[in-house]
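Let me begin by presenting the structure, written as structure tokens, before commenting on it.
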Protein chains: 2
Amino acid sequence: MTNTTTIKTIAETLGISISTVSRALQNNPRIGIKTRELVQKTAVQLNYLPNQASHLLRKKSTRIIGIMVPTLNEEFFCQIIDAVEEVVREKGYYLQIFQSKDIETRQLEGLNHFKYLRVEGVLVSLAAETSKIEAVSDLEKFGIPVVYFDRVPRNKMVHKIKSNVDLGTKEAIEFLRGKGVEKLAFINGPSLLDTSDDRLNGYLRGVMTYNLKTSPNMIKSTDLSEKSVADALPTILNEKPDAIFTFNDYIALYAMEACKKKGIKPNKDVLFVSYGNLPFTKYMDNPPMASVEQYPEKIGKEAANIMLERLGEKDTEPVQILVDTKLIIH
Amino acid sequence: MTNTTTIKTIAETLGISISTVSRALQNNPRIGIKTRELVQKTAVQLNYLPNQASHLLRKKSTRIIGIMVPTLNEEFFCQIIDAVEEVVREKGYYLQIFQSKDIETRQLEGLNHFKYLRVEGVLVSLAAETSKIEAVSDLEKFGIPVVYFDRVPRNKMVHKIKSNVDLGTKEAIEFLRGKGVEKLAFINGPSLLDTSDDRLNGYLRGVMTYNLKTSPNMIKSTDLSEKSVADALPTILNEKPDAIFTFNDYIALYAMEACKKKGIKPNKDVLFVSYGNLPFTKYMDNPPMASVEQYPEKIGKEAANIMLERLGEKDTEPVQILVDTKLIIH
DNA sequence: CTGTTAGCGCCTTCAT
DNA sequence: ATGAAGGCGCTAACAG
């Protein structure tokens, strides 16, 4: 480090004590206005940079919140990050972003880094692969509050925010029914995800309510990759469904692509409906016919607010917040 | 903070000195294997967490690299981040990500935060709004090496990596010519951006080389927003161009959308070609006809390598690296 | 093999 | 209004 200006440097060049410098830098009124200004001017001249390490060592607060997302390559998570940042920056917090890439070891590494950095709280959307949720909840043992969002753990009394997909799912199935759909397939995400459960349950409920036809071969789990979707598709198409409901827009696009390759026209031979309503689908000529909007900004905002609350108070009761969804027809 | 275990706590509960604990924790061979294991076991039991502040105060190295991007909502930058992370994590560095949202004050705030965090280096893709590049280059005064990527400053002897769009641009224009295009319009990014210059120069060169028709009304700058594109379009369309070349895929999509609203069929009445070749265009039925691939992973990798190099040596000569581009026909 | 000691840069009583 | 001194948690000589 070329720069080694400390308050001591300033004190020496000015021939005053370091405590005076320290106070002057903090605009402490007990310091004469002249010395105060002199000190501050000198600080700038010498490229003085407060040392967060020593500062932290005394004051304990880093004002950093860690946020763990599966990936930055999905607009959904970027929008959540934006919303969270918006809320916390007002309170003077910064975000440390980490992507798990859905790999448990990476997630763990990130959490350790968060601990080491002494982040004051952690927002987590679990890696699809997560087997031991304890690795995450352990943060609480270190006094670091954890708030889960979107990919939240099942059956756990923790603070979590996720979509209430029920309404959107219902609307989606009604929409399809209106289009004359009788046989409805479903391509889901990994069965480890709580959000996969929610979607599947809604799907099954809708199928029963409206007496739609389905079969085990029409319900497939995937790991969200394009390949796993392409692999699952033939079995589904064999059953000749009228429509396919998918875990998210990406899955729908993958499936639609695979259909095209087989000479099957998406949204004509087979209708598509999905979750997510990603912004770029707006610019597509043939996007999924409709998509369940999850309002990521709202999820991010809620998550951030709960985190700020937890940062303030000691023991807040675990809250589970559900953000309503709505079908958007394209 | 619930957790207040320090090496001192461990030392006291074990009745040994803190330096023994410190060494044991570092796997120092000078400590007996038995005490070493005992210490480590106790550390886990007490939820000991090394304090990075005090550690940093002594060791000086944070192993954090700051990366400033305009936005996370563009896949292009996410891909660069991924590549950078890939390279630096191997050397034990972590990334502190910050988005400027193309706002200069936010960019400045982020840089200050980087400084305060004592990041060891900063990778920057400038905010479109940037007027005073000094605010960025000043980091060097603090001994923090800066490497620019993609949105790099003009006329500056600094370390920078950007696309060499010339080849791709040439190919794009040849492609359009092959389609019978004679009149070619151009929707550019903000004129402050170096990358806008490059594109414009390539366009003008191509227009001259192949004797295409253009006019001032067919060349428009935008601030990359959908609105500014929509605003620029009528003037351009008035000139009845055969094709429109755009700064990036987003701009093309915005323009195509605006065309549709006017009853003009994109890629039929007016052809579109752009830069970026964003992954999701693959799933569109009617994307820009072709797009200049910029290989963001390569840009990220190069940027990361230069940063690592600068982190190692003292004074490296400013290097300007150009990453080749290539037209991808959709 | 283990303990003692002196800081890293800063803030903060307690004096003056 | 200013200075002196102690300590935050940890590491690294320097002693045993």
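This one's a predicted model, so the numbers in the text were calculated from it and none came from an experiment. Here is the naming used below: chain letters follow the sequence lines, and residue numbers restart at 1 for every chain.
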Report summary line: Walking DNA chain C from its 5' end, the first of B:Gly15 and A:Lys59 to be reached, judged by nearest nucleotide, is B:Gly15

Report task. Considering only heavy atoms of chain A and a distance under 4.0 Å, specify the first and last nucleotide of DNA chain C in 5' to 3' order that meet this criterion. Result -> C:dG9 to C:dC14

**Report entry** Flag, side chain of A:His159 to backbone of A:Arg310, donor-acceptor distance under 3.5 Å
**Finding:** no

Query - Close side-chain approach of B:Lys162 to B:Ile299, heavy-atom, < 4.5 Å - result: no

Query raised in the report: Tell me, which of residues 18-31 of chain A have any heavy atom that sits under 4.0 Å from an atom in DNA chain C?
Result: A:Ser19, A:Ser22, A:Arg23, A:Gln26, A:Arg30

Requested in this report: Determine the minimum heavy-atom distance between A:Ala128 and A:Leu192, stating which atoms define it.
Outcome: O-CD1, 3.1 Å

Query raised in the report: Side chains of A:Leu25 and A:Tyr48: closer than 4.5 Å at any heavy-atom pair?
Result: yes

Query raised in the report: Sequence neighbours excluded, which residues qualify as side chain to side chain donor-acceptor pair (under 3.5 Å) partners of A:Ser17?
Result: A:Ser19, A:Thr20

Query raised in the report: Out of curiosity, B:Lys101 NZ to B:Asn73 CG, how far, rounded to the nearest 0.5 Å?
Result: 5.5 Å

Query - Terminal helix-axis angle for the helix from C:dC1-D:dG16 to C:dT16-D:dA1, with five pairs defining each axis and rounding to 10 degrees - result: 40°

Report summary line: Output for pair (A:Ile7 CD1, A:Gln26 CD), nearest 0.5 Å, gives 9.0 Å

Query raised in the report: Would you call the rings of A:His113 and A:Phe98 parallel, tilted or perpendicular, where under 30° means parallel and over 60° means perpendicular?
Result: tilted

Query raised in the report: For B:Glu109, which residues count as a side chain to side chain donor-acceptor pair (under 3.5 Å) partner, sequence neighbours excluded?
Result: A:Arg89, A:Tyr94

Query raised in the report: How close do B:Arg151 and B:Asp102 get, heavy atom to heavy atom, and via which atoms?
Result: NH1-OD1, 2.8 Å

**Report entry** Contact interval (first through last nucleotide) of DNA chain D with protein chain A, 4.0 Å heavy-atom
**Finding:** D:dA1 to D:dG9

Query raised in the report: Do the side chain of B:Glu104 and the main chain of B:Ser131 share a donor and acceptor less than 3.5 angstrom apart?
Result: yes

**Report entry** Minimum heavy-atom distance between A:Ile65 and A:Met307, given as atom pair plus value
**Finding:** CD1-CG, 4.0 Å

Requested in this report: Classify the nucleic acid contact of A:Leu56 as base, sugar-phosphate or nothing, counting any heavy atom under 4.0 Å across all strands shown.
Outcome: nothing

**Report entry** A:Thr6 side chain reached by A:Asn51 side chain, heavy atoms, under 4.5 Å
**Finding:** no

